[in-house]
Protein chains: 2
Amino acid sequence: MDELDTEIVRLLQTDARQSNRELARRLGIAPSTCLERVRTLTRRGVIRGYHADINPADLNRGVQALVSVQIRPLSRTVINTVKDDVSGMPEVISVFVVAGGDDLVLHVGVPDLDRLHAFLLDRLSKRKEIVGFRTSVIFQHVHNTALSRLET
Amino acid sequence: MDELDTEIVRLLQTDARQSNRELARRLGIAPSTCLERVRTLTRRGVIRGYHADINPADLNRGVQALVSVQIRPLSRTVINTVKDDVSGMPEVISVFVVAGGDDLVLHVGVPDLDRLHAFLLDRLSKRKEIVGFRTSVIFQHVHNTALSRLET
DNA sequence: AATGAAAGCCCCGCTAC
DNA sequence: GTAGCGGGGCTTTCATT
């Protein structure tokens with residue numbers, strides 16, 4: 001990861017669909033060099049994939065929330081089971097396994113508040129390992145789509 | 001947003017860099033039709049962009065946390081000011097504006113725990129409007145990168 | 001590790017249906 | 001929405017440095 005690699009990933013974070021030629025032009029290097037760099041970054045696992053950013057409203061996820069979940073008993077297997085279970089639910093956008101007062105934090109997206117209520121009561125409450133949760137409805141979500149590499 | 005559009009956005013969420021030809025082949029439609037669909041989806045704001053997914057460790061963000069923040073006074077302008085301020089900090093990956101016991105939830109990523117501590121004390125605590133926060137260190141983060149469209 | 005040339009493929013506007 | 005065509009641009013490989 002030299003400075004050229006850092007710049008490549010920054011540009012690809014901003015626009016993943018720009019052509020290799022365009023990318024090379026912006027970096028001031030030959031397209032073949034650029035292509036080789038990108039392939040190496042992909043092979044090393046630095047670049048994990050390329051994803052379209054879709055407006056949540058158009059996926060019927062106009063209502064989103066963060067749900068902090070408490071789990072008991074607190075064992076590795078129980079946490080993993082619950083995590084795998086909830087991460088497979090269609091309403092769940094992402095799952096954080098955390099330390100602190102909570103054990104999991106779920107980012108969920110649904111069409112309306114009724115569906116949020118139904119998700120909490122019919123899906124989460126059904127699991128005996130989930131002994132409590134707290135829901136924070138999301139008004140806004142701003143995402144940094146061009147993360148810089150921090151100095152160590 | 002008919003079923004073809006839904007399938008297009010699903011495929012582009014999974015791999016944003018596949019060619020229009022490849023996309024059309026998978027959908028069983030003509031490339032020209034596919035290109036026109038993608039352009040319309042982009043123009044309508046359904047497709048908001050394309051982003052490379054970079055391994056956080058390679059951006060020196062091996063330590064991540066969710067920070068729940070309380071703000072006072074609770075006015076629109078104060079919340080917006082704090083939100084804009086923190087979303088510009090390099091450590092901040094995303095910011096949720098929420099309802100409930102908390103006012104903001106920050107997803108932050110830093111190289112190590114010392115830097116997390118420094119972020120909390122030197123950056124957050126300096127703001128008088130931030131009257132309290134609670135930090136949950138993240139052990140794992142699983143993301144759903146192919147969100148389906150929910151039925152209404 | 002980087003380059004430039006060359007072959008092949010893809011994009012995309014155009015046309016007609 | 002589909003199909004075919006063609007110019008121009010892009011991708012990718014490879015010999016060379």
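In the text below, chain A, chain B and the rest are named by the order of the sequence lines, each starting its count at 1.
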**Request:** Following the transitive rule for hydrophobic clusters with a side-chain heavy-atom cut-off under 4.5 Å over Ile, Leu, Val, Met, Phe, Trp and Tyr, establish whether B:I130 and B:V105 coincide in one cluster.
**Result:** no
**Asked** Taking the hydrophobic residues Ile, Leu, Val, Met, Phe, Trp and Tyr, and joining any pair whose side-chain heavy atoms are under 4.5 Å apart, which ones share a cluster with B:L11?
**Response** A:I54, A:L59, A:I93, B:M1, B:L4, B:I8, B:V9, B:L12, B:L23, B:L27, B:I29, B:V38, B:L41, B:V46, B:I47, B:Y50, B:L147
**Request:** Using heavy atoms and a sub-4.0 Å distance, could you list which residues of residues 2-11 of chain B are near DNA chain D? By number, please.
**Result:** none
**Request:** Taking only heavy atoms on the protein side, list every residue of residues 15-23 of chain B lying under 4.0 Å from any atom of DNA chain C, sorted numerically.
**Result:** B:S19, B:N20, B:R21
**Prompt:** Do any pairs count as a side chain to side chain donor-acceptor pair (under 3.5 Å) and have a residue in residues 55-66 of chain A, sequence neighbours left out, and if so which ones?
**Reply:** A:Q64-A:H107
**Request:** Not counting sequence neighbours, which residues clear salt bridge (charged side-chain N to carboxylate O under 4.0 Å, His left out) with B:R21? List them please.
**Result:** none
**Complete:** At a 4.0 Å cut-off to heavy atoms of chain B, the contacted part of DNA chain D spans D:dG1 to D:dT2
**Asked** Using a distance-only test with no angle check, is there a side-chain donor-acceptor pair under 3.5 angstrom linking B:T14 and A:H51?
**Response** no
**Asked** Within the side chain of A:D53, is there an N or O that forms a donor-acceptor pair under 3.5 Å with the backbone of B:R48?
**Response** no
**Item:** Backbone of A:P31 reached by a side-chain donor or acceptor of A:N20 within 3.5 Å
**Value:** yes
**Request:** Output the rest of the hydrophobic cluster of A:L35: all Ile, Leu, Val, Met, Phe, Trp and Tyr residues reachable through side-chain heavy-atom contacts under 4.5 Å, sorted by chain and number.
**Result:** none
**Complete:** Residue set satisfying ring-ring contact (aromatic ring centres under 6.0 Å, His included) with B:H117, at least two apart, ordered chain then number -> none
**Complete:** Residue set satisfying salt bridge (charged side-chain N to carboxylate O under 4.0 Å, His left out) with A:R127, at least two apart, ordered chain then number -> A:D85, A:E129
**Complete:** Contact check, residues 27-50 of chain B vs DNA chain D, heavy-atom distance under 4.0 Å, returns B:I29, B:A30, B:T33, B:R37
**Nearest heavy atoms of B:D5 and B:D2, plus distance in Å** = N-OD1, 2.9 Å
**Message:** Reading DNA chain C in the 5' to 3' direction, which nucleotide is the first one with an atom under 4.0 Å from a heavy atom of chain B, and which is the last?
**Reply:** C:dC10 to C:dG13
**Asked** Backbone N or O of A:L120 within a donor-acceptor pair of the A:S125 side chain at under 3.5 Å?
**Response** yes
**Item:** Distance-minimising heavy-atom pair for A:D112 and A:V63
**Value:** CA-CG2, 3.7 Å
**Prompt:** In the hydrophobic clustering (ILVMFWY, side-chain contacts below 4.5 Å, transitive), which residues join B:V131, or is it alone?
**Reply:** none
**Request:** Would you please say whether a donor-acceptor pair under 3.5 Å links the side chains of B:Q70 and B:R134?
**Result:** no
